[in-house]
Structure formats: C-alpha cells, structure tokens
Amino acid sequence: MAKLILLWLKCVVLWAIVEAVFEDQVGKFDWRQQYVGKVRFSHFDTHVQSSKKVLVATERNVFAALNTRTGELFWRHVDKTGSEGNIDALLQHGQDAVLVVGNGRLLRSWEINVGGLNWEVVLDSGSFQSACLVGQQDMVKHVAVLKKTAISVHYLSNGHQKWIENLPETETVDYQAVYSDGNGEVYVLGVVPHSHIAIVVYSMEDGEIIKQMSVEAPWLYNIQASCVVVGQGMLTCVDSAGVSFYMLDLHLQLQMTQVPLQSLALEVDPGFHPVLLSHQPNPARQPLSEFFLQLGPDHYQLLQLNNGQIAAMRDFKPALLVSFATTGEKTVAAVMSPKNKTACSVNLFSAETGRRLLDTTLIVNMDPNGGKPEKLYVQAFLKKDDSVGYRAMVQTEDHTLTFIQQPGRVMWTREEALSDVVTMEMVDLPLTGTQAELEGEFGKKAAIQDGLMSMVMKRLSSQLILLQAWIGHLWKLFYDARKPRSQVKNDVTIENLSRDEFNLQKMMVMVTASGKLFGIDSKTGGILWRHYLHNVPPNAAFKLMVQRTTAHFPHPPQCTLLIKDKDTGLGTLHVFNPIFGKKSHVTPPALPQPILQSLMLPLMDQDYAKVLLLVDDQYKVSAFPSTKNVLQQLQEMAASIFFYLVDSSQGRLSGYRLRTDLSTEQIWEVIIPPEVQKIVSVKGKRPNEHVHSQGRVMGDRSVLYKYLNPNLLAVVTESTDLHQERSFIGILLIDGVTGRIIHEAIQRKARGPVHVVHSENWVVYEYWSTKSRRNEFSVIELYEGMELYNSTVFSSLDRPHAPQVLQQSYIFPSSISTMEATLTEKGITSRHLLIGLPSGGILSLPKMFLDPRRPEIVSEQSREENLIPYAPELLIRTEWFINYNQTVSRVRGIYTAPSGLESTCLVVAYGLDIYQTRVYPSKQFDVLKDDYDYMLISSVLFALFFATMISKRLAEVKLLNRAWR
Amino acid sequence: MLQRERIPLQLIFLQAALVVAWCFTDVETGPGAGVSTQPNGDRFKIEGRAIVPGIKTQDWVSTARVLVEGEEYVGFLRTDGSFAVNDVPSGSYVVEVVTPTYRFEPVRVDITTKGKMRARLVNYIKTSEVIRQPYPLQIRASGPHSYFMKRETWGWTDFLMNPMVMMMVLPLLIIVLLPKVVNTNDPEMRKEMEQSMNMLNPNPELPDVSELMTKLFSGSKGSSKAGSSSKGTRPAAKRR
C-alpha cells in the first residue's frame, strides 16, 4: 500500500512539475531590476586607474559595487534589516573595503574585486562613534575604531586586534572623533559640552597614552558637526553661532586661537549652522590645507590654512554642493551651482590655487518631477595631457543616482527609491486612437440617431482604418526583419503605449516610501514616468486606489493615493493619471480630520469614477468625488454600505453602517483583550476576485458547495506572552456585515510572524511552531454543504446555517517572507500560492497541495477527485521557482493581476529588487504554447498535399496504362 | 548507548574542528588578540565552510549568503568559502548556505547555553532525531539548482513509437510487401484474387481501397522500370 501511495505521489509530483519555466523562456516575458537603496557612503575605487567600480553602502544595509559605465551591479551583499545590519562607516584602502556594522558590533573587510569577505571580527560592545584608517610611513596597515568608552586598533590584513584601550574619564567626556595623519600617533578627540575639548594621543605601536590634554572650548558641543582637521594637524572649528573660527594645533598643545569670521570678511546666513569640509586624500598623510566652509544653504567659501593663518580663496555663491576629489597628486574641488530652473552646472577648481580649470563644465539636467540634489561624488582622473578629467555622481533627495560624464551626458540613472516599494497597482493601458474610434462607434448616442446608411458608411470607414493600421504593422514587421536584430529598438514611450491583444502589457504604478511615484511598463521594465511628491512625512502610510480605469474613453484614467501620517493620522490625497503620471486637474478634498478608514465603493459618478469613502475620527463619512449625483446614489445605497474599523491597540474590531445623512451607526463590536493577544492583521477578500465554480464535484458525483461570503474577514491574533510553551496564535473568521464569528481557531505553541492569504472559500496561514521549531502551513476551507441555501445571491444577513469548516496543517521546510495567491480574469484556472522565500526564490505552490480534504488513506473516491494523499511535509522544488536564478532580495510583497487571458496571471514581486513575470497555473490552455511547432505542422501539411498530388498523377498514369492494355 | 558508540567519531570531528578552527584564527598574536574570537556574553558564533566541488570560490562567493533560521542571522562567505555567523544566542537553528546557482543542504545547529555546539541533519518531521554532522560545518554543494524543465522535443523515434503510427505503418507494410510475395502478374492468381475481393466487397461499384493501393503500388513499381515491364505486359495482352 505504502508503495502504491509513493508511486501515486511521484506521479502527481511529476505531473505538477509541468508548471516550471523552460530554459528558452528566460527573459522572454520576465525581467528583474536590482536596487541597493539610498546611498549613505560612496567611494570610487581608485587603486587601479582603469577601475570601473564605485562602492556604495546604503541605508537599507546593502553594500554593493556598481559598474560606473553601465550602472549595473558587480556584486551586492544584503545584510540583516534593522539596526543590527546598519552600516556605520565605510573605509576603503586599495582592494579592501572596511565596514563597521551594527552600531560598532562588527568590523568587516571585503575584497572588492571578487566581492568576497576577507574577514569579520566582533568588536566589544559599546556604541560606535567614529573610525579611521591609520597609516605609518606611507603604508596603511591598521584601522582604528572609536567607541564610547574604548578605542581599538585592528590589522587591515586579518582583522586581528592590535590593541584596545579604555578611554580616560568617559563619564564626563564624550569622545566623538578619531584622527591620524601617519606619524605613528592616533588622536582621539572628545568634548565636554560647553566646557572643553579633551584630546588623548595614543602611540600606534602599543596603545600607550603619549599625551593627554584638555583645551577650553565653552562654545563647543559637537566635534563632528563643527570641527575638522586641516593641514598639519590643525583642528579647526567653527562655532555654532557662526562668529569665529577656533584653531588648535594638535602637535603643539597651545590655546585655541580665535579668528573672527569678520576678519576674513565672511558672514554666515542668519539661522544657519556653518559646516566645514576638509579632505584627507591619503590616510597616511596629512589632510589638505584647503577646506570649505558652508555659510548658507547655497553659499560656500574655499579657505586655505597657511602658516597658522586662514586665508579666503574663493567665494561660491550660489553653490548647491561642493566636493573634493584627488587623482594622483592633484586635488580638485568640484562645485555645483544652479544654472537655470532645470539645470545645474558643475565646475572644477584647483584646490591649491582656487582657480577654475578650463573645459571642466558639466551640465546636470534636473528632472522637474524629481528632487533637489543632495550629494555630489566626483571621480577625477588624469587625462593623457596630464589635465584632470572627471565624472560626477549626483544623488538627489528622491534617492536617484545619476552618473554624468562631461559635458553632460548621462551615463546611467538608478532610481533607488524603487528599493522600497510600499504599494502598487497594475492599470490597463489605453486603447490606441483607432481602437478607441471603433469603440466609440457603439458607445455614442449619436450613432443611434444616425440612419442605416451612415452607420454602414461609418462601419466601412472604420474597417478601412483598421486595414490600414494592419498593413502598416505588417510593413513595419517586414522592415524590421531586414535590419539586424541589434538595431531593432522597440522603445516604449508614453506616446506609443497601447494595449496588446491579450492585455498582457500593463502599466505598473509603484508607490515608494520616499514619496516618489513611478509608472513602469510591465513588458520591458522601463520607467515611463516618475513623480516626486514633496512633503511626504517620513513614516507615511500609503494606499493606492484606481478610481477610473482606462475603459471609459474619453475620460482619462484616474488613480488616487491616500498618504497618511502614521503619527497624527492626518491624510492627504494625490489624484493623478496613472498612464502619464500627471497630477489630475480634479482637486481632491482637504482632509482636516485624521482618517480612520477608506473604502472604494462599486458606485460610479456620471464620469465613471468610482466613489471613495473616507471615514474620519468623528465617524463622519466624506465622499470623493462628492457631486450631487454621487450623494444621491449614496443615499439610495446607504442601507447596504457597511464598513469595519480595527483598533489593534485596544483590541477592538467594530462594524458600522452608513446612514442616509452620511453619518454612521455602530452595529457590532468584537473585543479581543489586548492583554492576552493583539490583532496582527485583518484580511478581507480582493474585490476583483472571481470564483468560477460554486462547488466541488465529489467522487460520488455529488457537489460540495463552497461558502463564498464576500464579506468574510480573517483576523489573525498573536499572544502577548512570547514564552514558547504558552505562546499561541489565533485566527478568527468574522462576517464584516453582521459581526458574526463564523469560525475560530487557536494554534497553540506557535508564534508569528503570521502570513495570511484569504481567497475564495479558503484561508491559508503560515506560522512558526515553537514546539517543533519549524514553519507550518495551515489551511481552512469553508463549505456550505451538499445544498446551497440561496444560490442566486449571497446575503450575510440571511444565512442561517453555519458553514462546514475543514482544516489541515503541513510542515514547510523554510521560513517565508511574503505570500500571495494567483488571480485570473474569471477564476476558472486553478489557484497557486506564490511564496517569497528569504533565499530570494518565489515558489509557486499549487493550492491543491494545501487542501484540507487530502485523505490519509487513498480511496477510490478520493482518487476520482484527484486528491493527493496527505503528506505532512510540503516540498520546495526549485523547478517551481517562477524566478529561476533571478532571486529577489527581501521580498516584501507580491502583487498579482489578471490578464486578458484566463490562463495567465501577471506577477510582480517587490522588495529590494523588482521582478515581473507571468504564471500559468493550469498551463496555457487558451493560447498556443510558445513552443508550438509551426514548422512541423506546415511541413506535414505540405508533404501531404504534395503526396496527394503525386499519387493522383500516378493513379492517372496507371489508369491510362491499363486502358492501353 | 548510541552516544557512546559515537564517541570516537565525535573525537575525530572535534579534531577536525580544531584543525579548521586553527586555520581560521590566524596565528598572528597581536596584543589582546583572541578576545574577539571568544563568545561575547552569551552570544556565540556558528562557523563552517561551504564547498562547491570543482568551482573556484571566487566565482560564487559574491552571490552567496549564510542564513540562520530564515533571515534572523546573516553571515557572508569569505573568499576561501569559509563563513562565521556572529552574535547568535543559544538555541537550535537551521543554517543554510544560499546561492542562486548551487544547492546546499541545510544543517541544524544546536547551541547550548554554555556554548557547546553540535550539528545534525535537518529533519522537520522527527525534530528530535539526531544524525550528527561535522562541526564546524562542512557543507558541500550537491550540484547546481535545476530550475528548468526540458522541452518536449520532436524526434523521429517518438513519432515512430507512437501506437497510432505503428497501427498505420504495419498494414501499410503488408500492403506494400504482399504484392511482392504473391506474384500479381500471374493472371490466374489475379483472377483468383479479384474473385475473392469481389466476394468480400458487397458493392462492386465502390472502389476498394486495398485493391487500389495494391494496383497503385505495383503500378508505380512497374512505371519505375518502365521499359521492361511494358514489354512484359504487352505480349501477355497479345496472347489474350
């Protein structure tokens, strides 16, 4: 018997493999874009002249090397999210890059050519302050890490600690900076705020304190913000009030000398905290004696320290950004200044003289829908004639990186905002002009009034237009076929966007955490529009809704983005056209009250825009759009509009009904005691989901009807007690209209994170079993039974029988990042679960593996029903990875959308990367497969045709011969 | 009992572990070296090495990561394929080396509160079963991931082995071969055959397929060696 089961299982598994990707389909309809996140530190690899690498360490805990020619990744290392993977510092020396990670917890050295780790050491606890490379006799061999209470020096070659010393007087002194200029000493600079600077000098050899001194500085409270070391070890500070410079020679212990800014004829903008910028090209040598002083938001001054005297060299106003760059022995200063409204120019200046270098202007075009430039990184190199050439990498506040070559050629652009997509929607593309014309023929009222003759004429003319378009298309195909393949460019621009015949190409509208919106063509992955929303609060929550689709020509499609500040609850609406990204002329209502809930109604106003209801904290409802027509419809419909609110802090789940005067009335409330368990997530069904079959045919030909309640909510709770014996998770199925609890299940000895998918008549959830230390899947299916109570309409208010509940659990051999179910046009195709794994794979698991009716003992009936016998463990087969080796790091969400083909579901996985593909859960049953052998079929046909011809001729000859006989 | 039997094996592992550990921690002794290698508080370090047979480590380490219990702890591979995941508290973890190209088996590592480590095979069903694995981990790739399935290609053998085709081909062969075996040019034989055919065929008006085929094929053969056959048939006609 067991053998039989095994055989059966094998058969099933073999059958199920068919979902896999074929090798020749790679890149045919899928694409991936890899991102790194907002850049925090960046270094150009300069140890080889011809190097094409730029190292970036980002706020999303990613360390990567980018190709400066193309902007693509050489390699990328994704660390843990959160503070433990946070990159505190990036130092580069030769082939090694040293990172301080996790608030000074780890020190890592990377080999930048290969992208492998050289070494990693754990540092003693203590919060990280600063790090620097330490050189001696022009050789850099050590790295010094300053913590709050200790300083340690490590070998660059293997990470071993050379020495560690506790800092003196840590109770009073706040040590903030470490400095070394290659003379065998390490300077640690600390400050007692508003009192004095403490300087401790360590010997590089053994960590002995050589000198210790304190200098009066009552105006100083933060060294890193207001001090730099310039020239021959001169600590130069500017006080926050911006009145004067203070200088201190670190080698000679003297008083601080004060130089009033006025003596240099400098004046700080009122209310601006002046900032100093210095440059140390080689850690084994002294820093440059030239440095920048920022006097205002767009005002910089290049200064020089000469024999203890500061001299002003050049004034830059207006200047947005400045940066130093060194190549060989030459150091240049790059200054970015605004040119006009849409462009900035970068110029190089010699650091020693302050003179402008000829032919070094570079024009940076600014995107009007983008942000302001924030950082400037300059890669300088020596040209053949020994003059300095450069390329610039500009980072803007919308997290875009642009790499520009002289005289302004953009080599590449990286939209790093896309590393943090929050929510997205897929919008159908509009019809082309000719298609729309055809559609218009039927829609317009005028058509009815026209006579028969004109209708015929219209029809003929539109057919003619179609024919013309088709011939044009054929001609283009023919024309392209003659050209070599590499030259054929299918540039998709907004102008030539149009829906394809199966609606497989759509517009992906992506909302990112930084507040930048993108419109991406789903076929190629090209960014068609981008729009940066200013003034988005940093912890905003977003909800994107499609109010009007493209189906209502000539009305433009319309999307509405609700941006809500999580702290205050205040929201704003941004209404835009999802195809072009332009802000709509429709003025959204101002929202003076915090918003609790927003819901999209199936009602439409006279312009075919769906109605958006917003519930504020006074339980008042406002509608957008709020025309008379809408309000009238709302009054008529009010009795059947229900909504629910979740207050997870108080564990309250409540249902409301709309009254005709747009006030609300509470009709039910479920309290989940927040001391015992907290509500983690509430999931309803997707409104655009269709269920094709009402029931399942059993082995004995009877029908088991599904419980298809569109108002069902799946509420997941987690226990507040996290002890592994007592923790549990709960799942509640509540009817959102009546508040009736349909089902309740508790999973003991389990904890989150819980991932839930709620669809059709089933809920699948995944949790961590603390008892067995493994991830488990559980599936709940609801059935009405053998008879349907009311087969035409489902009403939550009239459903006397409780549904039958079936549940089964399985072991899953991996943790998961996110989960979603496939979605198709009519719901005929079988469903798959798309599971994002931490390894980066996206697993397409057939729902039939998660079926609570899987029998433990195979019977004739269950075999008839195609039920797979129960096996406790679900398998992960790499053939089921829809993204093969195109791993998606840190998958955060999977978005599924139906296409025009019933068999095909469009999938977008987003996280650090974005991956788009199509899946065919039941294979491609409605179109010819892409491996369909046209050649074979046509050759067989031709062969048969010729065979008949020949045999006919032969038969004739034969007959003739016979007649002559 | 089982444990006792395993002791020599464990010793070997321990030795191996020592050797490996010795390789990892370089012998250079700076002042205070070794502090960082010791467990910090009650946090421990999971060490090991990943090997892809026949492939240089430089070619794959940059895409690899070590995941401990999902993404709870993350480690990276050194350029020689070894790895260490720092800052792991005591507990039981599934350690996985993840690359898009090569498949590595996961290993469960148990760390006691005192920092004793052991590695064992992952078994999600019998979670307490212990099948020891070497520690520090030695994870060997079991080959490249197979992401793709093969296309069904069209081949002659597939076509010929198809039962439908077989059913068609066999009668065809008989039809072709039969006229050769039986001499159809023999007039008596032919008469006999025609008679039997007529008996079989209820409607003589309708052309019989097999007859047609027979004639056709014998005819075509005749026409291919046109000269001789026409000479051969003509005298026969005259004789009649």
Which atoms of [X] come close to chain A, meaning under 4.5 Å heavy atom to heavy atom: side chain ones, backbone ones, both, or neither?
{"X": "Leu67(B)", "value": "side chain"}
{"X": "Tyr73(B)", "value": "both"}
{"X": "Glu72(B)", "value": "backbone"}
{"X": "Val74(B)", "value": "both"}

With rounding to the nearest 0.5 angstrom, report the [atom1] to [atom2] distance, [X] to [Y].
{"X": "Arg78(B)", "Y": "Glu120(A)", "atom1": "CZ", "atom2": "CD", "answer": "7.5 Å"}
{"X": "Glu96(B)", "Y": "Leu837(A)", "atom1": "CD", "atom2": "CG", "answer": "9.0 Å"}
{"X": "Ser82(B)", "Y": "Trp119(A)", "atom1": "OG", "atom2": "CH2", "answer": "14.0 Å"}
{"X": "Ser772(A)", "Y": "Asn123(B)", "atom1": "OG", "atom2": "CG", "answer": "11.0 Å"}
{"X": "Thr127(B)", "Y": "Arg774(A)", "atom1": "OG1", "atom2": "CZ", "answer": "6.0 Å"}
{"X": "Arg877(A)", "Y": "His145(B)", "atom1": "CZ", "atom2": "NE2", "answer": "13.5 Å"}

Q) If every non-hydrogen atom of Ser146(B) is compared with every non-hydrogen atom of Thr878(A), which pair is closest and at what distance? A)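 Looking at all heavy atoms of both residues, the closest pair is O-OG1, 2.9 Å.
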Q: Provide the closest heavy-atom pair for Pro872(A) versus Ile125(B) in the form atom of the first, atom of the second, distance.
A: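 Taking every non-hydrogen atom into account, CG-CD1, 4.1 Å.
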Side chain proximity check, [X] to [Y], heavy atoms < 4.5 angstrom:
{"X": "Arg773(A)", "Y": "Tyr124(B)", "result": "no"}
{"X": "Thr79(B)", "Y": "Leu117(A)", "result": "no"}
{"X": "Glu71(B)", "Y": "Arg890(A)", "result": "yes"}

Q: Under the side chain to side chain contact (heavy atoms under 4.5 Å, CB included) rule, what do Ser815(A) and Glu69(B) come out as? Steps first, then yes or no, please.
A: CA-CA 7 Å; Ser815(A) 65; Glu69(B) 212 62 66; over 6 Å; no
Between [options], the one whose heavy-atom pairs under 4.5 Å with chain B are most numerous:
{"options": "Trp75(A), Phe74(A), Trp768(A), Phe812(A)", "value": "Trp768(A)"}
{"options": "Thr81(A), Asp79(A), Asn883(A), Thr887(A)", "value": "Asp79(A)"}
{"options": "Gln886(A), Gln25(A), His77(A)", "value": "His77(A)"}
{"options": "Ser152(A), Gly115(A), Pro838(A)", "value": "Pro838(A)"}
{"options": "Glu111(A), Arg76(A), Arg108(A)", "value": "Arg108(A)"}
{"options": "Phe881(A), Trp110(A), Trp964(A)", "value": "Trp110(A)"}

Count the heavy atoms belonging to other residues, nucleotides or ligands that lie under 6.0 Å from [atom1] of [X], then report whether that count exceeds 12.
{"X": "Glu84(A)", "atom1": "CD", "answer": "no"}
{"X": "Lys80(A)", "atom1": "NZ", "answer": "yes"}
{"X": "Lys28(A)", "atom1": "NZ", "answer": "yes"}
{"X": "Glu873(A)", "atom1": "CD", "answer": "yes"}

Q: Take Asn885(A) and Thr101(B) through the test side chain to side chain contact (heavy atoms under 4.5 Å, CB included) and record every step on the way to the result.
A: CA-CA 7 Å; Asn885(A) 65 358; Thr101(B) 343; 5.8 Å; no
Q. For Val78(A), is it the side chain, the backbone, both or neither that has a heavy atom under 4.5 Å from a heavy atom of chain B?
A. both
Q | Geometric class of the Tyr147(B)/Tyr884(A) ring pair [parallel <30°, tilted 30-60°, perpendicular >60°] | A |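 Perpendicular, since the angle between the ring planes exceeds 60°.
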